[in-house]
Amino acid sequence: MTIAVERCNASRVTDVDFNNIPFGRIFADHMFEVDFLNGTWQNPRIRPYGNLSLSPALSCMHYGQAIFEGMKAQRNSHGEIILFRPRENWKRLNFSARRMQMPEIPEDLFMDALISWVKLDHNWVPTSKGSALYIRPLMIATDDYLGVKASTTYKFLIYGCPVSSYYTEPLRIRVEETYVRAAKGGVGEAKAAGNYAASMFPASRAQSEGFHQLLWTDAVEHRFIEELGTSNFFAVVNGELYTPETEGTILRGITRDSVIQVARQQNIPVHVQPITTDQLKDWFDHGELTEAFATGTAATIAPIGIIQFREQIMNLSPSNPITTKLHSTLDDMKTGKQPDIFSWNVEIGR
Ligand code: COI
């Protein structure tokens with residue numbers, strides 16, 4: 001499919017202070033847009049980033065048929081732009097689409113749109129260490145209809161913003177035992193907008209108490225650790241990694257999967273298994289829980305400094321040798337300082 005391109009008159013990139021970028025507020029010059037009408041994706045185009053004109057009866061605004069992805073374009077040490085495992089985002093987007101009764105995006109449409117858009121806005125891919133162009137593919141249901149049924153029309157967009165670290169300090173998290181993020185059979189494993197909406201009220205309460213995020217537990221017993229509001233969870237116990245199985249309620253994080261593969265390649269044992277809150281407490285009480293971290297595209301690999309579980313505050317040491325090693329190995333693989341042994345990088349030029 002040919003992508004029509006309408007360029008903006010003047011780039012806004014020179015107005016951006018790349019040393020001081022707030023997450024998710026300053027958007028690159030252009031965006032990609034394609035519509036699903038009469039059973040096919042039609043009229044793919046790149047145009048200046050700007051508002052959409054939408055009906056107030058838009059079905060996604062009422063019934064929540066909206067899914068998205070998070071991915072990054074970064075520069076390697078030669079200045080070339082790389083996309084990190086983009087086909088994994090494409091697969092997960094389609095997984096979410098199936099679960100939400102939305103149409104899938106063909107691989108070539110997704111990849112062509114992504115690469116064409118990033119190439120056009122290449123000046124927005126930052127050069128400094130730890131920064132990236134954060135990319136937000138988004139699909140929304142666009143029927144203007146108030147009946148409760150799957151929409152027949154959709155819009156798929158790709159746009160993005162330069163970002164640096166999502167978290168700038170070790171995370172303070174609290175184990176949540178009242179509210180629920182996702183239940184088995186629900187949509188927790190899909191990257192559906194409503195999952196985030198449902199987390200806002202409990203997360204805001206935790207944030208007003210000084211925590212960055214909640215550590216969600218299972219919906220039935222609140223015994224099993226699931227994930228954080230923006231990321232997956234790892235514990236480092238006696239030098240080995242533990243993370244919950246995704247099993248239907250937890251987002252299948254691409255950074256999570258990358259960490260598991262990198263750790264195993266470095267002979268760090270990884271246990272993908274259920275973790276109870278009592279187990280976590282026990283590890284901490286016996287001095288075996290030495291580190292914990294969050295993984296996500298936006299969060300990258302973010303060390304956790306404090307975990308509050310009921311009345312107990314688990315203070316983790318600020319020295320995070322395993323977290324730091326995994327973070328720098330993954331970064332070095334993306335920037336070309338270490339070989340890309342898993343062939344994760346898709347280079348798209350400068
Ligand atoms: C990402 O890490 O890309 C996400 O989508 C999480 C989001 C809440 C920032």
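First listed ligand is number 1; within each ligand, the first listed atom is number 1.
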Could you tell me if [Y] and [X] have a donor-acceptor pair between their side chains, going purely by distance under 3.5 Å?
X    : Y    : answer
E288 : N238 : yes
S128 : S131 : yes
Q207 : H212 : no
T153 : T142 : yes
Q312 : D285 : yes

N or O contact, A299 vs ligand 1, cut-off under 3.5 Å: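 There is no such contact.
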Would you say Y134 and ligand 1 have an N/O pair spaced under 3.5 Å apart?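 So ligand 1 has an N or O lying under 3.5 Å from an N or O of Y134.
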With hydrophobic residues grouped by side-chain heavy-atom distances under 4.5 Å, do L109 and L114 end up in a single group?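 Yes, same cluster.
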Answer side chain, backbone, both or neither: which part of K191 comes under 4.0 Å from ligand 1, heavy atoms only.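 Side chain only.
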Residue part near ligand 1, for R136, under 4.0 Å between non-hydrogen atoms: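 The part of R136 near ligand 1 is the side chain, not the backbone.
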Distance to 0.1 Å, residue and atom name: give those for the protein heavy atom nearest to atom 2 (O) of ligand 1.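 Minimum-distance protein heavy atom for atom 2 (O) of ligand 1 reads A298 N, 2.8 Å.
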Please identify which atoms of ligand 1 are closer than 4.0 Å to at least one heavy atom of [X].
X    : value
Y196 : 8 (C)
T230 : 6 (C), 8 (C)
F68  : 5 (O)

